[in-house]
Amino acid sequence: MTPAEVTIRPVERADLLSVLRIERECFSDPWPYDAFERLIDEPAFLVAEREGAVVGYVVADITPNAGRDIGHIKDLAVHPDARGRGIGRALLRAGLARLRAAGAAVVKLEVREGNDPARSLYATEGFEPVRRAKRYYRDGEDALVLVVDLAEWAHGG
């Protein structure tokens, strides 16, 4: 499976159970169904679909901020069986493009300090650490808060 074999599209209500299954497969402290349901209309809640099955998703929203709106990638996951094929990168890029089109100037996210694959992906897309959030996760692990300027990202850094 390559990104070319995957369609990235806005989430539909019918996708939420698939999204929830992937969430539970990927994270030790998964979001509940209603968290996804509340975000269904956000500009960058996208799914990656292959042969009719959801294989990954990104959830992001925008907060107004005095003319320099802030996008926030809240969740990004790819089913373990579909990893290593560029789907996470394709979802991230599609989400960033949607946030930019919706008016975000910068995008932030939180990532587990120990999640090297995710940190590497974000770094290659131009995200830079701005601070550490101590004990951010329920298990006590710190998060790194990363930020990317969308104008710079859109022009290749």
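In this chain, residues are counted from 1 in sequence order. In what follows, every heavy atom counts, from backbone to side chain, and hydrogens, waters and symmetry copies are set aside.
In this structure, R83 and P117 have side chains that are not in contact, with every pair of non-hydrogen atoms separated by 4.5 Å or more. For the pair E113/P129, no side-chain contact is recorded, criterion being any heavy-atom separation below 4.5 Å from C-beta on. Using a 4.5 Å heavy-atom cutoff, the side chains of D75 and F36 are in contact. Within the 4.5 Å cutoff, side-chain heavy atoms of K74 are placed close to those of L39. At a threshold of 4.5 Å between non-hydrogen side-chain atoms, the residues L91 and I8 count as touching.
Look at R21 and D15 and you find no salt bridge, because none of the NZ, NE, NH1 or NH2 atoms lies under 4.0 Å from a carboxylate O. The existence of a salt bridge linking D149 and R68 is confirmed by a sub-4.0 Å separation between a basic side-chain nitrogen and an acidic carboxylate oxygen.
The backbone N or O of G114 sits less than 3.5 Å from a side-chain atom of E141, completing a donor-acceptor pair. Without hydrogens or angle criteria, D34 side chain to E37 main chain gives no donor-acceptor distance under 3.5 Å. With hydrogens and angles ignored, the 3.5 Å screen pairs a side-chain donor or acceptor of T124 with a backbone N or O of L121. Side-chain atoms of R131 do not come within 3.5 Å of backbone N or O of V145 as any donor-acceptor pair.
Atom CD of E5 and atom CD of E49 lie 13.5 Å apart (nearest 0.5 Å). Residue R85 holds its CZ atom at 7.5 Å from CZ of R50, rounded to the nearest 0.5 Å. Between the NE2 atom of H79 and the CD1 atom of I87 there is a distance of 11.0 Å, given to the nearest 0.5 Å. The CD atom of E51 sits 10.5 Å away from the OG1 atom of T7 when rounded to the nearest 0.5 Å. To the nearest 0.5 Å, atom CG of residue L146 and atom CD of residue E128 are 9.5 Å apart. Remark: W31 CH2 to R38 CZ distance equals 9.0 Å, nearest 0.5 Å.
Transitive grouping of hydrophobic side chains (ILVMFWY, heavy atoms separated by less than 4.5 Å) keeps I62 and I70 in distinct clusters. By the rule that hydrophobic residues join a cluster once side-chain heavy atoms approach within less than 4.5 Å of another member, V6 and V11 end up as members of separate clusters. Cluster membership check: L16 does not share its hydrophobic cluster with V58, using side-chain heavy-atom separations under 4.5 Å among Ile, Leu, Val, Met, Phe, Trp and Tyr.
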Could you walk me through whether F45 and D61 satisfy the side chain to side chain contact (heavy atoms under 4.5 Å, CB included) test, starting with their C-alpha distance in whole Å, then the side-chain angles of each, then the deciding distance to 0.1 Å, before giving a yes or no? CA-CA 8 Å; F45 189 168; D61 65 5; over 6 Å; no

What verdict does the side chain to side chain contact (heavy atoms under 4.5 Å, CB included) test give for V59 and I73, after you've listed the backbone C-alpha separation in whole Å, the side-chain angles of each residue and the deciding distance to 0.1 Å? CA-CA 6 Å; V59 182; I73 295 180; over 6 Å; no

Applying side chain to side chain contact (heavy atoms under 4.5 Å, CB included) to R112 and S28, what does each step give before you reach the verdict? CA-CA 12 Å; R112 282 183 179 271; S28 60; 3.8 Å; yes

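Heavy-atom minimum distance, L20 versus P32: CD1-C, 4.1 Å. Across all their heavy atoms, V55 and A82 have their closest contact at CB-CB, 4.1 Å. In terms of heavy atoms, F27 sits closest to A77 at CE1-CB, 3.7 Å. Heavy atoms only, all atoms of each residue included: R132 and D142 are closest at CD-OD2, 3.1 Å. Across all their heavy atoms, A44 and R98 have their closest contact at CB-CB, 4.0 Å.
Checked by atom type, the side-chain pair Y57/E23 shows a donor-acceptor distance below 3.5 Å.
Every residue two or more places apart in sequence or in another chain that forms a side-chain contact (heavy atoms from CB on, under 4.5 Å) with R138 is listed here: D29. Under the rule for a side-chain contact (heavy atoms from CB on, under 4.5 Å), the partners of P64 that lie at least two apart in sequence or sit in another chain are D69.
By the neighbour-count criterion of 12 heavy atoms within 6.0 Å, atom CZ of R9 is densely surrounded, having more than that number from other residues, nucleotides or ligands.
Across V54, V78, V47, a single residue satisfies side-chain contact (heavy atoms from CB on, under 4.5 Å) together with I22, and that is V54.
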Could you go through residues 100-111 and list every donor-acceptor pair under 3.5 Å that involves a side-chain atom there, pairing it with any protein atom two or more places apart or in another chain?
{"from": "E110", "atom 1": "OE1", "to": "H72", "atom 2": "NE2", "distance (Å)": "2.8"}
{"from": "E110", "atom 1": "OE1", "to": "Y136", "atom 2": "OH", "distance (Å)": "3.4"}
{"from": "E110", "atom 1": "OE2", "to": "H72", "atom 2": "NE2", "distance (Å)": "3.2"}

